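Model, not experiment: these values are computed from the prediction.
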Amino acid sequence: MAFSLSVLDQSPIRVGGTAAQALQETIALARHAEALGYHRFWCAEHHSSAAFAGSVPEILIAHLAAVTSSIRLGTGGVMLSHYAPLKVAESFRMLETLYPGRIDLGLGRAPGGDQLTTAALRPGPQAYGPEVFPEQLVDLCSFLTGRMEESHPFARVYAQPRGDGVPDVWLLGSGGDSAAYAGAIGAGFAYAHFINPDNLAQAVETYRRSFRPGLYDRPRVMLALFALAADTDEEARYLVRTRDVWVLNLLAGRNVPFPDPATIDIDSLPAAARQRLELVGARGIAGDAATVKARIARLAASVGADEVTVVTITYDFKARLRSYELLAPGG
């Protein structure tokens with residue numbers, strides 16, 4: 001395998017389940033991923049969601065670091081627009097100091113919630129606008145590394161705890177802007193294929209073209225995708241209904257947990273809904289282990305990805321564990 005393999009977990013909440021149950025499953029999955037040899041385990045940030053329990057990934061990964069021993073842990077990602085760069089830098093310098101060499105800071109520009117939730121999260125009388133994001137990003141990196149320009153108004157401020165270690169920094173995105181920002185600061189770029197599969201090649205090209213040595217001396221490309229493997233293609237197609245129908249609900253503006261595939265009758269859906277379901281399914285990969293591994297490898301090779309991070313959602317947690325077993329490095 002020419003790329004390392006990692007896990008992105010969104011702490012999904014199933015119909016009939018609870019947020020507490022989803023978080024306990026995240027903990028169990030992190031331990032499982034470590035035992036299987038996965039390189040990283042990232043937790044997502046969502047707010048006011050009926051489907052995702054992970055609202056504060058930096059707290060969650062602190063707990064995961066305490067119950068694991070070697071796997072890298074990080075965020076996929078912290079939604080920087082909600083927060084002051086110094087506060088984010090101090091949170092992750094603290095994590096890096098407590099668990100040296102194991103912490104990743106994945107950053108996103110998306111709000112991670114609806115407009116009302118975004119308003120409730122705003123850091124002051126006014127929210128940070130999208131035009132401020134590049135400045136936030138530069139300030140955050142300066143606080144993390146302790147290299148602030150002398151002319152900066154915060155030049156005398158530093159992020160505690162100070163030390164030599166710095167978290168791995170990645171910028172998450174599904175378009176050219178995030179790719180260009182990641183390249184400009186010399187960070188890693190994680191392309192969210194599971195959100196937008198159509199812009200992969202262009203975004204990675206933009207990132208490599210705009211890359212300037214900064215946090216890293218060379219470009220680092222991660223491909224984040226949805227994949228579900230099962231013992232048979234038929235089983236995988238059944239299990240993936242949970243995620244695909246949930247996406248249909250999301251597109252229709254319904255904030256609901258993940259459904260049980262046993263309650264879904266695809267044939268009873270209107271023709272237009274079935275067509276949309278096919279389009280949703282094309283945004284992910286599902287099948288038996290050999291099929292899924294081959295498709296992942298082709299996608300990674302198409303852009304020369306250094307890493308692939310897999311998000312898997314099913315109604316049955318045991319089936320989610322099984323999927324990661326089937327796709328495990330060296331398996």
- Message: For residues Val311 and Leu250: do they belong to one hydrophobic cluster (side chain heavy atoms under 4.5 Å, members Ile, Leu, Val, Met, Phe, Trp, Tyr)?
- Response: yes
So, for [X] and [Y], which heavy atoms are closest and what is the spacing to 0.1 Å?
X	Y	result
Ile13	Pro257	O-CB, 3.4 Å
Leu171	Ala182	CD2-N, 3.5 Å
Tyr99	Ala66	OH-CB, 3.6 Å
Pro161	Thr97	CG-OG1, 3.2 Å
Gln10	Ala44	CG-CB, 3.9 Å

Is there a donor-acceptor contact under 3.5 Å from the side chain of [X] to the main chain of [Y]?
X	Y	result
Trp246	Pro259	no
Ser48	Thr117	no
Arg243	Val280	yes
Asp139	Pro85	no
Asn255	Ser49	no
Tyr191	Gly175	no
Thr291	Gly287	no
Arg283	Asn196	no
Asn249	Arg254	no
Glu58	Val78	no

Mind checking the [atom1]-[atom2] spacing from [X] to [Y]? Nearest 0.5 Å is all I need.
X	Y	atom1	atom2	answer
Leu269	Gln275	CG	CD	12.0 Å
His193	Phe226	NE2	CZ	12.0 Å
Tyr83	Ser91	OH	OG	9.5 Å
Leu95	Leu73	CG	CG	9.5 Å
Asp168	Leu105	CG	CG	9.5 Å
Leu140	Lys87	CG	NZ	13.5 Å

Side chains of [X] and [Y]: donor-acceptor distance under 3.5 Å anywhere?
X	Y	answer
Glu325	His32	yes
Arg72	Ser6	no
Arg109	Ser178	yes
Asp104	Trp170	no
Ser70	Glu34	yes

- Would a 4.5 Å heavy-atom cut-off, applied to side chains only, mark Phe258 and Val15 as touching? no
- Check whether any side-chain heavy atom of Arg209 lies under 4.5 Å from a side-chain heavy atom of Thr206, and answer yes or no. yes
- Message: If you apply the rule salt bridge (charged side-chain N to carboxylate O under 4.0 Å, His left out), what do you find for Asp306 with Arg218, and how did you get there?
- Response: CA-CA 11 Å; Asp306 303 285; Arg218 66 170 184 83; 3.6 Å; yes
- Message: Let's go through Arg40 and Glu307 carefully: what are the C-alpha distance in whole Å and the side-chain angles of both, what is the deciding distance for salt bridge (charged side-chain N to carboxylate O under 4.0 Å, His left out) to 0.1 Å, and is it a yes or a no?
- Response: CA-CA 10 Å; Arg40 306 179 195 268; Glu307 305 192 23; 2.8 Å; yes
- Message: Please evaluate residues Arg322 and Asp316 with respect to the criterion salt bridge (charged side-chain N to carboxylate O under 4.0 Å, His left out), reporting the C-alpha separation (whole Å), side-chain torsions for both, the decisive distance (0.1 Å), and the verdict.
- Response: CA-CA 10 Å; Arg322 177 59 177 160; Asp316 182 358; over 6 Å; no
- Task: From the options Thr242, Asp9, Thr312, Thr314, select the one residue that forms a side-chain hydrogen bond (donor to acceptor under 3.5 Å, both in side chains) with Arg320.
- Result: Asp9
- Any chance you could lay out the ring pair (Phe, Tyr, Trp, His ring centres under 6.0 Å) test for Tyr158 and Phe143, step after step, and finish with the verdict? CA-CA 6 Å; Tyr158 56 85; Phe143 284 130; 9.7 Å; no
- Close aromatic pair by centroid cut-off 6.0 Å: Tyr315 and Tyr238: no
- Message: Taking CD in Gln160 as the centre, count heavy atoms belonging to other residues, nucleotides or ligands within less than 6.0 Å. Is the count above 12?
- Response: yes
- Message: Take a 6.0 Å sphere around CG of Asp164 and say whether it holds more than 12 heavy atoms from other residues, nucleotides or ligands.
- Response: no
- Task: For Glu278 and Arg274, run salt bridge (charged side-chain N to carboxylate O under 4.0 Å, His left out): C-alpha distance rounded to whole Å, both residues' side-chain angles, the deciding distance at 0.1 Å, then the answer.
- Result: CA-CA 6 Å; Glu278 289 183 9; Arg274 291 199 300 273; over 6 Å; no
- Message: Please evaluate residues His47 and Glu45 with respect to the criterion side chain to side chain donor-acceptor pair (under 3.5 Å), reporting the C-alpha separation (whole Å), side-chain torsions for both, the decisive distance (0.1 Å), and the verdict.
- Response: CA-CA 7 Å; His47 301 282; Glu45 176 180 333; 2.6 Å; yes
- Can you name the residues that form a side-chain contact (heavy atoms from CB on, under 4.5 Å) with Leu23, not counting sequence neighbours? Ser11, Ala53, Leu60
- Return the orientation label for the Tyr207 and Phe211 ring planes: parallel under 30°, perpendicular over 60°, tilted otherwise. perpendicular
